There are 2 protein chains.
Amino acid sequence: MASPKHERLREVLLAEVRRLQPHDMLPTERELAATHGVSRATIRQALDHLGDLGLVYRIQGAGTFVHGTSYSKTLLLTSFSEDVRDRGMEPSSRLLAIAEEPAGDELATELDITPGDPVTTIRRLRLADGQPMCLETVRIASAKVPELDEKDVTGSLYEILEGRYGVRLTRADQLVRAVALDNKDAAALEVAPGSPAFAIHRVALDERDRPIECSDSIYRADLYDMRFTIRR
Amino acid sequence: MASPKHERLREVLLAEVRRLQPHDMLPTERELAATHGVSRATIRQALDHLGDLGLVYRIQGAGTFVHGTSYSKTLLLTSFSEDVRDRGMEPSSRLLAIAEEPAGDELATELDITPGDPVTTIRRLRLADGQPMCLETVRIASAKVPELDEKDVTGSLYEILEGRYGVRLTRADQLVRAVALDNKDAAALEVAPGSPAFAIHRVALDERDRPIECSDSIYRADLYDMRFTIRR
DNA sequence: AAGTGGTCTAGACCACAGA
DNA sequence: CTGTGGTCTAGACCACTTT
């Protein structure tokens, strides 16, 4: 739990926001502070958070207002499982391969380990409501996930990392490309060769900025798109 | 000018960060406050900003540290011109069409105007270092850009919106898809039909959350990719 | 135990919007 | 002019990491 007062406030303000219509003005910061019996700085912190979530916007001299509808969320680091559930579908997984191999130079650099160190590679077909959606190859330094085995990789790897190994991924660098599927990938994803797809290369880091996981994913473009809000 | 002290501090801290190596620890907040003759709250605000930019990370009880290299920036709202310059290339533009037409229902909804209201549509081929990179169709309610004409649309529309009309775009909702180019678009972009591309639908809003611009862009995937950092 | 960032207070003044 | 959000101060205590 990060902060008791802070968290409670967030919830309360969130409920308050949900009761309002887009472009409605929230009570002033001073009012909110008085109403909730906290200092204005605390209210501001909570409102900052709502702002980060894209729920409210502020105009100096005028007030704080509720955002109109939108894709709302800024791009967030999510696991495939979370992502699919957010889209209202049920994620599942088919393990294609799991192996341990020594790291090559490039991979070693990305994972910040020594070339030759053992790396566990997991290759999975990931499905949404039973439909093949994504081909995913994840690589993790074996030292970071001792005793990981086949039974563990049917669901969210992120949950296992956090639950069993205490590793929290907090940040990831992504390179997203649009590609045409080659014959092999197309067959695995059950679409025609040459179909459009997203190819995503991702390096995920923990809260101490240490690279943990390096993945390459290929998403069927007919089933997957990216929606997000960006800011100035 | 947002805030004099704040801005100066940012610069100073930024310089400080640049002198350090990844994972080096910054001076403590209390030290920084003393050194720069400001309160700790002010230092924290500046460090928060560096955190948002992805330059530093903090660990409670331990310190504030410099981030390792990465794609660094979170996805930002940029114009094509800025974007291309960031990639070290020179943007240019070829006007394909500019016209004024009444808004259809769907477009009217997106731009929050009345169906039938005049909308200016600008269709451009956008190039990077002289190579066709993107086909872009922008639509703006004509009322928001009176007297806009052909001469104005050779460069960054965002600059014109801000400079001439005082409209600042601060937020945009994007829908990104991977597609295969049809014959017409492929010809315009000078690649083979069926080549992979990004199709981006964007609605950009001003600081008061009013939709200003609605655009559809098609980017050649062989020349364009998306790099960004995401967080938990 | 000492030192760090995280939260919070109670006030002050500034910059800006709007009637 | 009044009221709003934006910045800032000088303190306090809490939660956590590290030694």
Side-chain angles (χ1 to χ4, degrees), chain A residues 1-13 16-17 20 23-52 55-67 166-168 170 206-210 231-232, chain B residues 1-13 16-17 20 23-52 55-67 166-168 170 206-210 231-232:
Chain A
M1 303 310 111
S3 55
K5 200 168 222 168
H6 192 197
E7 301 237 335
R8 243 179 293 139
L9 245 185
R10 259 191 221 170
E11 307 269 336
V12 174
L13 291 184
E16 196 143 356
V17 165
L20 298 173
H23 307 293
D24 278 357
M25 183 179 159
L26 289 171
T28 71
E29 298 180 349
R30 287 164 180 88
E31 270 181 70
L32 288 169
T35 308
H36 298 96
V38 299
S39 73
R40 194 178 149 218
T42 303
I43 287 293
R44 274 186 70 76
Q45 188 184 8
L47 288 179
D48 280 346
H49 186 247
L50 293 185
D52 287 344
L55 295 173
V56 303
Y57 60 97
R58 287 166 156 140
I59 298 174
Q60 181 173 148
T64 302
F65 305 86
V66 178
H67 254 305
V167 173
R168 281 202 344 134
T170 59
D206 70 7
E207 71 271 9
R208 301 188 93 102
D209 211 37
R210 294 173 297 209
R231 307 190 204 186
R232 196 49 155 175
Chain B
M1 305 300 110
S3 57
K5 200 169 222 169
H6 192 197
E7 301 238 332
R8 244 179 292 136
L9 246 185
R10 258 191 221 169
E11 306 269 335
V12 174
L13 290 184
E16 195 144 354
V17 165
L20 298 173
H23 306 293
D24 279 356
M25 183 179 159
L26 290 171
T28 72
E29 297 179 349
R30 288 164 179 88
E31 271 182 70
L32 287 170
T35 308
H36 299 96
V38 298
S39 74
R40 194 178 148 218
T42 302
I43 286 293
R44 275 186 68 75
Q45 187 184 10
L47 288 178
D48 282 345
H49 187 248
L50 293 185
D52 288 343
L55 295 174
V56 302
Y57 59 97
R58 288 165 154 137
I59 299 175
Q60 179 172 150
T64 301
F65 304 86
V66 179
H67 254 305
V167 172
R168 281 203 343 136
T170 59
D206 69 7
E207 70 270 10
R208 302 195 86 106
D209 211 37
R210 294 174 296 211
R231 308 190 204 185
R232 196 55 154 171

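Model, not experiment: these values are computed from the prediction.
- For B/Gln45, the listed nucleotide lying nearest its side chain is D/dT7; candidates were D/dG5, C/dG5, D/dT7.
- Among the nucleotides D/dC8, C/dG6, C/dT9, the one closest to the side chain of A/Thr42 is C/dT9.
- Using cut-offs of 30° and 60° on the angle between ring planes, the pair A/Tyr57 and A/His23 is perpendicular.
- Rounded to whole angstrom, the span from the CG atom of A/Leu47 across to the P atom of D/dG5 amounts to 8 Å.
- Between B/Ala41 and B/Arg208, the residue anchored closer to the 5' end of DNA chain C is B/Ala41, taking for each the nucleotide with the nearest heavy atom.
- Note: NE2 (A/His49) to P (C/dC8) measures 13 Å, nearest angstrom.
- B/Ser39 is linked by a side-chain contact (heavy atoms from CB on, under 4.5 Å) to B/Ala41, B/Thr42, counting only residues two or more places apart in sequence or in another chain.
- Of all nucleotides listed (C/dA10, C/dG18, D/dA10), C/dA10 comes nearest to the side chain of A/Ser39.
- Distance from the side chain of A/Ala62 is smallest for C/dA17 among the nucleotides C/dA17, D/dG6, C/dG6.
- For B/Arg44 and D/dG6, the CZ to C1' distance is 18 Å, given to the nearest whole Å.
- As rounded to whole Å, 11 Å separates atom P of C/dA17 from atom CZ of B/Arg168.
- The separation between B/Arg30 atom CZ and C/dT7 atom C1' is 12 Å, rounded to whole Å.
- At a cut-off of 3.5 angstrom, the base of D/dG6 holds no donor-acceptor pair with the side chain of A/Arg58.
- In terms of heavy atoms, B/Glu16 sits closest to B/Pro27 at OE2-CG, 3.5 Å.
- The CG-P distance, from B/Leu9 to D/dC8, rounds to 7 Å in whole Å.
- In this structure, the salt bridge (Lys or Arg N to Asp or Glu O under 4.0 Å) partners of B/Arg44, at least two apart in sequence or on a different chain, are B/Glu29.
- Interatomic distance, A/Leu50 CG to A/Thr64 OG1, rounded to the nearest 0.5 Å: 9.5 Å.
- In this structure, the CD atom of A/Glu29 is 14 Å from the P atom of C/dT9, given to the nearest Å.
- When each of C/dG6, D/dG6, D/dT4 is scored by its nearest atom to the side-chain atoms of B/Arg40, the top-ranked nucleotide is C/dG6.
- To the nearest angstrom, C1' of D/dT18 lies 11 Å from CE of B/Met25.
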